[in-house]
Amino acid sequence: MSKAPPVFGLIDCNSFYASCERVFRPDLAKVPIVVLSNNDGCVIARSYDAKPYVKMGEPYFQIKHKLKQHGIVLFSSNYALYGDMSERVMTLIESMVPADEVYSIDEAFVGLTGINDVDGLGRKIRSQLLLCTGIPVGVGIAHTKTLAKLANHTAKRLQAQTGGVVNICDPIKRDWVLRNTDVAEVWGVGRRMKLHLDGMGIKTAMDLAKADAWTLRKNFSVVIEKTARELAGTACLELDEPDLPKQEICCSRMFGKRLTELAPIKEAVATYVMRASEKLRGQNSLCKKIRVSIRTGMFNPDEAKYANGVLIEMPYPTDDVRLLTEAAVGAVERVFRPGFKYSKAEVMLVSLCQTGEYTDDLFASSQPVETTRVMAVLDEINGRWGRGMLRAASVPRNPDWGMRREMMSQSYTTRLDQLWTVNCR
DNA sequence: TCTGGGGTCCTAGGACCC
DNA sequence: TCTGGGGTCCTAGGACCC
């Protein structure tokens, strides 16, 4: 007897950041909302009713007038809020399904193999999430992850007809969706691949499902081959194991203003190292190499462009913020060139290994110093009193190069001094 | 004046080895 | 005039994702 095919679900929050803001602003239930990226740079989320007016990624300064004209309410990114809301959503999902994989801040794949009434469970998840967190979601169900993505896409596109839950395990429904979806909408098909596929006459998801998988592999890569096979119903991708440590950790930010001097760039890099090393210790990893890079603005044609980075090898794998900061700040001097207007720095921790997975080199000239307890105390104090309470002297408290976010909502759920208040009449 | 941030996976090519 | 073949490991860069 052949084994029953697996069943996957994809749960995706609708306009997640905008929905988070709306939860705490019921007065905006019928008002279009847009959320901006860091530094209030460009559009990264739009409520359903704002989508007709604003495109994803549009620079804020170019569309100010348009936003005002349509009465669209703006928010700066509030990641403390979105991260906390995400945790609530994911915790609830986890409690309702046999297996799950948190795929991004607003999406989770779930394993539904062996469940009798998957549609019923999909609707239940949807109503529970709305009731308990206030966040609306779409649910897609299918025999592969790529098809579940597609089902979810359809659930959102045809919200009114589908009630936000679409199951395409049935081949007739699956084929209807495949025929009626542009290949560019398929998970794994980006701008480049879309152009290639266009040239081969592959226009719809159905065309890709029917394309010869070996030809795709030969011409492009195994990635698109898997995508095609998944569309045709053969599962090539599994649910990922929970809580796998990241293989690289990155902290990069645009500065709130252009920087021309070395000193503030060093401050920024020290700040980013602080954040990156918190993440590193959070997943019990050590880092062997650290990459530091800086660059000027890339868009303005009148601005001189420069970008450079260096990779530094640490004497031994470490999670000590002091060693990493010293190495990174020293590296800034090596890449800094006077005369440019810098807009961004990036700190990347690479060649990570897990604590305890690596063996000291007895003959190395520089031997590890035991700092686990110092770092644990540091993290505990900062965990209790807020990030940056205890920090390297090179990290300023309120730098003038810091992030611009002029329209940020309160951190309703993560700060006692910013709790939601309700006026009772 | 002003255009985000944080990841993953795959591949090609170089270095090195026998 | 003539200059192998096969393998591993590492890294940079491309493409894609949300």
Side-chain angles (χ1 to χ4, degrees), chain A residues 10-17 34-46 54-65 74-79 82-83 86 101-109 145-146 149 152-153 184-197 216-227 236-237 240 244-258 272 275-276 279-280 283 288-289 291 293 295-303 305 307 309-311 313 341 343-352 403-406:
Chain A
L10 178 70
I11 300 160
D12 186 324
C13 303
N14 300 347
S15 313
F16 182 56
Y17 298 165
V34 155
V35 180
L36 299 174
S37 65
N38 283 344
N39 282 314
D40 298 336
C42 59
V43 173
I44 54 167
R46 308 158 296 163
V54 186
K55 285 204 284 278
M56 240 357 211
E58 279 195 281
Y60 170 47
F61 75 95
Q62 283 175 3
I63 56 168
K64 266 186 186 167
H65 61 284
L74 283 164
F75 288 93
S76 303
S77 290
N78 182 347
Y79 282 100
Y82 312 149
S86 174
E101 170 197 337
V102 176
Y103 178 69
S104 74
I105 194 166
D106 71 337
E107 268 177 79
F109 283 104
K145 281 173 126 181
T146 306
K149 273 285 229 187
N152 185 284
H153 181 252
E185 306 295 331
V186 172
W187 187 41
V189 177
R191 219 184 62 246
R192 289 306 185 102
M193 191 52 64
K194 159 79 179 161
L195 288 176
H196 284 132
L197 295 177
L216 290 171
R217 181 183 199 138
K218 210 166 62 215
N219 291 353
F220 308 111
S221 79
V222 66
V223 181
I224 190 73
E225 181 203 356
K226 281 187 186 173
T227 301
C236 304
L237 306 170
D240 274 352
L244 280 179
K246 307 274 185 227
Q247 296 168 31
E248 47 196 39
I249 289 171
C250 170
C251 180
S252 77
R253 299 258 186 299
M254 305 273 299
F255 310 131
K257 62 175 196 182
R258 295 286 195 260
Y272 302 171
R275 180 71 195 110
K279 294 189 206 170
L280 184 73
Q283 61 169 33
K288 286 190 210 121
K289 295 177 190 172
R291 186 177 172 80
S293 41
R295 68 164 171 82
T296 60
M298 289 294 158
F299 292 97
N300 188 343
D302 303 330
E303 234 176 299
K305 287 175 190 53
V310 280
L311 186 66
E313 178 132 19
K341 292 192 274 181
S343 71
K344 182 179 180 175
E346 177 172 298
V347 168
M348 204 159 177
L349 308 182
V350 293
S351 296
L352 308 188
M403 202 190 299
R404 284 195 314 273
R405 31 189 195 185
E406 285 160 11

Query raised in the report: Does the ring of A:Phe61 carry A:Lys64 above it, NZ/CZ under 6.0 angstrom from centre and within 45° of its axis?
Result: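 No.
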
Among [options], find the nucleotide with the atom closest to the side chain of [X].
{"X": "A:Arg253", "options": "B:dG5, B:dG4, B:dT11", "answer": "B:dG5"}
{"X": "A:Phe299", "options": "C:dA12, B:dG4, B:dG7", "answer": "B:dG4"}
{"X": "A:Lys226", "options": "B:dC2, C:dC16, B:dC10", "answer": "B:dC10"}
{"X": "A:Cys42", "options": "B:dG6, B:dG4, B:dC10", "answer": "B:dG4"}
{"X": "A:Trp187", "options": "C:dC18, B:dT11, B:dG7", "answer": "C:dC18"}
{"X": "A:Asn38", "options": "C:dC18, B:dC9, B:dG5", "answer": "B:dG5"}
{"X": "A:Ser252", "options": "B:dC2, B:dG5, B:dT11", "answer": "B:dG5"}
{"X": "A:Ser104", "options": "C:dC18, B:dG6, B:dT3", "answer": "C:dC18"}

**Report entry** Given DNA chain B, 5'-ward residue of the pair A:Ser221 and A:Phe255, judged by closest heavy atom
**Finding:**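 Result of the comparison: A:Phe255.
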
Requested in this report: Return the 5'-most residue of the pair A:Lys246, A:Lys344 with respect to DNA chain B, ranking by each residue's nearest nucleotide.
Outcome: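 Looking at DNA chain B, the more 5' nearest nucleotide goes with A:Lys344.
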
Report task. Could you label the plane-to-plane angle of the A:Tyr82 and A:Tyr17 rings as parallel, tilted or perpendicular, counting under 30° as parallel and over 60° as perpendicular? Result ->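 Judged by the thresholds at 30° and 60°, the geometry between A:Tyr82 and A:Tyr17 is parallel.
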
What contact category does [X] fall into here, base, sugar-phosphate, or nothing, at under 4.0 angstrom with non-hydrogen atoms?
{"X": "A:Val347", "answer": "nothing"}
{"X": "A:Phe16", "answer": "nothing"}
{"X": "A:Lys149", "answer": "sugar-phosphate"}
{"X": "A:Gln247", "answer": "sugar-phosphate"}
{"X": "A:Lys64", "answer": "nothing"}
{"X": "A:Ile105", "answer": "nothing"}
{"X": "A:Asn300", "answer": "sugar-phosphate"}

Could you check how far [atom1] of [X] sits from [atom2] of [N], rounded to whole Å?
{"X": "A:Lys145", "N": "C:dC18", "atom1": "NZ", "atom2": "C1'", "answer": "14 Å"}
{"X": "A:Ile224", "N": "B:dC10", "atom1": "CD1", "atom2": "P", "answer": "13 Å"}
{"X": "A:Tyr82", "N": "B:dG6", "atom1": "OH", "atom2": "P", "answer": "16 Å"}
{"X": "A:Arg275", "N": "B:dG5", "atom1": "CZ", "atom2": "P", "answer": "14 Å"}
{"X": "A:Met193", "N": "C:dC17", "atom1": "CE", "atom2": "P", "answer": "10 Å"}
{"X": "A:Glu248", "N": "B:dT8", "atom1": "CD", "atom2": "P", "answer": "6 Å"}
{"X": "A:Tyr17", "N": "B:dG6", "atom1": "OH", "atom2": "P", "answer": "11 Å"}
{"X": "A:Asp106", "N": "B:dG7", "atom1": "CG", "atom2": "P", "answer": "16 Å"}

Would you say [X]'s side chain and [Y]'s backbone share a donor-acceptor pair under 3.5 angstrom?
{"X": "A:Ser37", "Y": "A:Ile44", "value": "no"}
{"X": "A:Asp106", "Y": "A:Asp12", "value": "no"}
{"X": "A:Ser343", "Y": "A:Arg258", "value": "no"}
{"X": "A:Glu101", "Y": "A:Asp240", "value": "yes"}

Query - Inter-nucleotide C1' distance (C:dG4, B:dC16), Å rounded - result: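 16 Å, rounded to whole Å.
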
Query raised in the report: Partner of C:dA12 by Watson-Crick or G-U wobble geometry, both contacts under 3.5 Å, or none?
Result: B:dT11

Query - Flag if over 12 foreign heavy atoms under 6.0 Å of NZ, A:Lys341 - result: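 Count not over threshold, so no.
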
Does a side-chain N or O from [X] land closer than 4.0 Å to OP1 or OP2 of [N], or not?
{"X": "A:Arg258", "N": "B:dT3", "value": "yes"}
{"X": "A:Arg217", "N": "B:dC10", "value": "no"}
{"X": "A:Lys341", "N": "B:dT1", "value": "no"}

